[in-house]
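Owing to the predicted nature of the structure, the values given are computational and were not obtained by experimental measurement.
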Amino acid sequence: MSEVPLAGSGVSGQVEVARVTKRFRETVAVNDLSLTIPHGSYCCLLGPSGCGKTTILRMIAGHETPTRGDIRIGGRSVVGLPQVERGTAMMFQSYALFPHRSVLDNVAFALKVRGLGLPARHTVARELLTKVQLEKFADRLPAQLSGGQQQRVALARALITNPRVLLLDEPLSALDEYLRLRMRGELRRVQKELGITFVHVTHTQLEAIAVADMVVVMAQGRIEQAANARDIFVAPRNAYVARFVGGQNVLSGTVESVIDGIAAVASDAGARYAIPVGQLRPLRGSRLYGSIRRDRIAVDKLSPGARPNGGLNCVTGEVHTLENQGSYVKVTIDLGDNAEEFVAHVPDEAFFRDPLDIGDWVEGRWSASDINLLDDGALAMASAPPQAVAASASAS
């Protein structure tokens, strides 16, 4: 890219949030939170509305000031610094493009504000438009572009100041499903090519899993788990993460015995589970939690009047809903007695060999080795995590 006098050039984009609390009057939006985002990584802050993820983004950007704690970028505290000196840029959900300016002038605008001459700023802007594959649209107005093209213009405009850290606030939420799938791949490609730190706020689980090196799952102003995307999906730390990220069923029950690293657990509905606990020794009568991936469950139809086979790691219930997802069919099983819904992802070939119907009586089974032990109940009480959670992950 052409040389421009930018604060972010050649400096680390590692972001450190150090014991930060943010209050809005009596409301605690972020509570004593610590987080390290390595330089050059793609980090997604994931959680429901009101969990504090956007507040963290705004504090990194300088739109909000922490009530307590510090925020450092490249090892330097940025609390109190004006936004232009932080080496950050933000891409907003609304894009906020100037409707009366061409695509080229929209992208080049930040360099105009910094006093760069017209030829120089247009040269840099054209290079960025090439990176986002919009060089042919340089002379168009935003209204003449599709939603996905407008999103790429907003991305190029955010990148033109060569930031150390790009902050993305729900950048894909305004797009339809087809464009969203395309653009999340585009964001990942651009981030890898530029090698700068991306911090992306989203409430969409699959979006975070698809693009991020590091996923930070939040609830009520605190971090529940921060890890690489695969670990978040296959090894959620607790029941909240398992339920929110999806793809897992949460199992819980009372410990009956522990033999050779396996706990025999009785659920409230009468099912019995064998949950691996390793070297842990949960007390008899204590509550134990585990999770099982939906795609690890075998589902068999029961003949009318047939008795369930039963046994460990088996549930029986009525098919409540069926959803064809293409490569698999999502089967939701009603276990009765106000039990939490239980979902199996049955491969399409297996499902259509002997299709199920709503109302069928079925049995779901899985292997004990596929169960992930969760840090809830007695385990949580035995090793309660500190309120400030320091988390980091290396860029893949």
Side-chain angles (χ1 to χ4, degrees), residues 1-24 29-30 33-43 45 52-98 105-118 120-125 127-128 131 153-169 171 187 190-191 194-201 216 392 395:
M1 183 180 293
S2 301
E3 185 176 350
V4 288
L6 304 171
S9 301
V11 185
S12 171
Q14 177 166 294
V15 178
E16 299 168 78
V17 180
R19 303 206 65 178
V20 164
T21 294
K22 177 62 180 179
R23 292 179 176 269
F24 296 97
V30 175
L33 184 145
S34 294
L35 173 68
T36 297
I37 302 171
H39 170 71
S41 61
Y42 197 130
C43 174
L45 304 180
K53 59 188 185 297
T54 298
T55 301
I56 292 175
L57 199 77
R58 290 178 60 81
M59 288 190 290
I60 296 171
H63 300 310
E64 300 286 353
T65 302
T67 305
R68 185 174 66 246
D70 194 18
I71 295 175
R72 296 184 288 270
I73 298 176
R76 178 193 183 196
S77 176
V78 296
V79 175
L81 287 182
Q83 295 165 26
V84 72
E85 295 182 23
R86 293 176 177 238
T88 63
M90 182 171 276
M91 182 175 166
F92 295 98
Q93 178 179 343
S94 64
Y95 309 153
L97 301 177
F98 298 114
D105 285 333
N106 262 282
V107 174
F109 183 76
L111 298 186
K112 179 180 180 180
V113 172
R114 295 186 180 203
L116 208 64
L118 180 65
R121 66 177 184 259
H122 274 188
T123 297
V124 178
E127 290 177 1
L128 271 173
K131 285 185 182 296
V153 174
L155 175 61
R157 187 178 62 178
L159 292 171
I160 200 165
T161 57
N162 197 21
R164 291 180 275 167
V165 182
L166 181 64
L167 308 169
L168 304 101
D169 185 12
L187 286 174
V190 171
Q191 189 270 334
L194 297 178
I196 66 174
T197 306
F198 275 32
V199 184
H200 176 148
V201 161
V216 179
S392 64

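You'll find the side chain of Leu35 reaches within 4.5 Å of the side chain of Leu45, heavy atoms only. The closest side-chain heavy-atom distance from Arg114 to Val84 is below 4.5 Å. Counting heavy atoms from C-beta outward, Leu168 and Phe198 have side chains that approach closer than 4.5 Å.
The two atoms that bring Pro171 and Leu187 nearest to each other are CG-CD1, 4.2 Å, heavy atoms only. The shortest non-hydrogen separation linking Ala110 to Thr161 is CB-CG2, 3.8 Å. Summarising the geometry of Cys43 relative to Val216, their closest heavy-atom pair is SG-CG2, 3.8 Å, with the distance given to 0.1 Å. When all heavy atoms of Pro38 and Ser41 are compared, the pair lying nearest together is O-OG, 2.7 Å. Of all the heavy atoms in Ala158 and Ala89, the pair that sits closest is O-CB, 3.1 Å. Residues Leu33 and Val30 approach most closely at CB-CG1, 3.7 Å, considering heavy atoms.
Rounded to the nearest 0.5 Å, atoms CZ (Arg76) and CZ (Arg86) are 10.0 Å apart. Note that the NE2 atom of His200 and the OH atom of Tyr42 stand 5.0 Å from one another [nearest 0.5 Å]. Rounded to the nearest 0.5 Å, atoms NE2 (His39) and CD1 (Ile196) are 9.0 Å apart. The distance from the OG1 atom of Thr123 to the CG atom of Leu118 is 9.0 Å, given to the nearest 0.5 Å. Taking CD of Gln14 as the reference point, atom OG1 of Thr36 lies at 6.0 Å (rounded to 0.5 Å). Of the inter-residue distances, the one linking Lys131 atom NZ with Leu159 atom CG reads 9.5 Å to the nearest 0.5 angstrom.
Listed for the Arg72 side chain is no donor-acceptor partner under 3.5 Å among the backbone atoms of Glu16.
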Please tabulate, for the side chains in residues 52-66, all donor-acceptor contacts under 3.5 angstrom to protein atoms that are two or more places apart in sequence or on a different chain.
{"unit_1": "Lys53", "atom_1": "NZ", "unit_2": "Gly47", "atom_2": "O", "d": "2.9"}
{"unit_1": "Lys53", "atom_1": "NZ", "unit_2": "Pro48", "atom_2": "O", "d": "3.1"}
{"unit_1": "His63", "atom_1": "ND1", "unit_2": "Gln83", "atom_2": "NE2", "d": "3.1"}

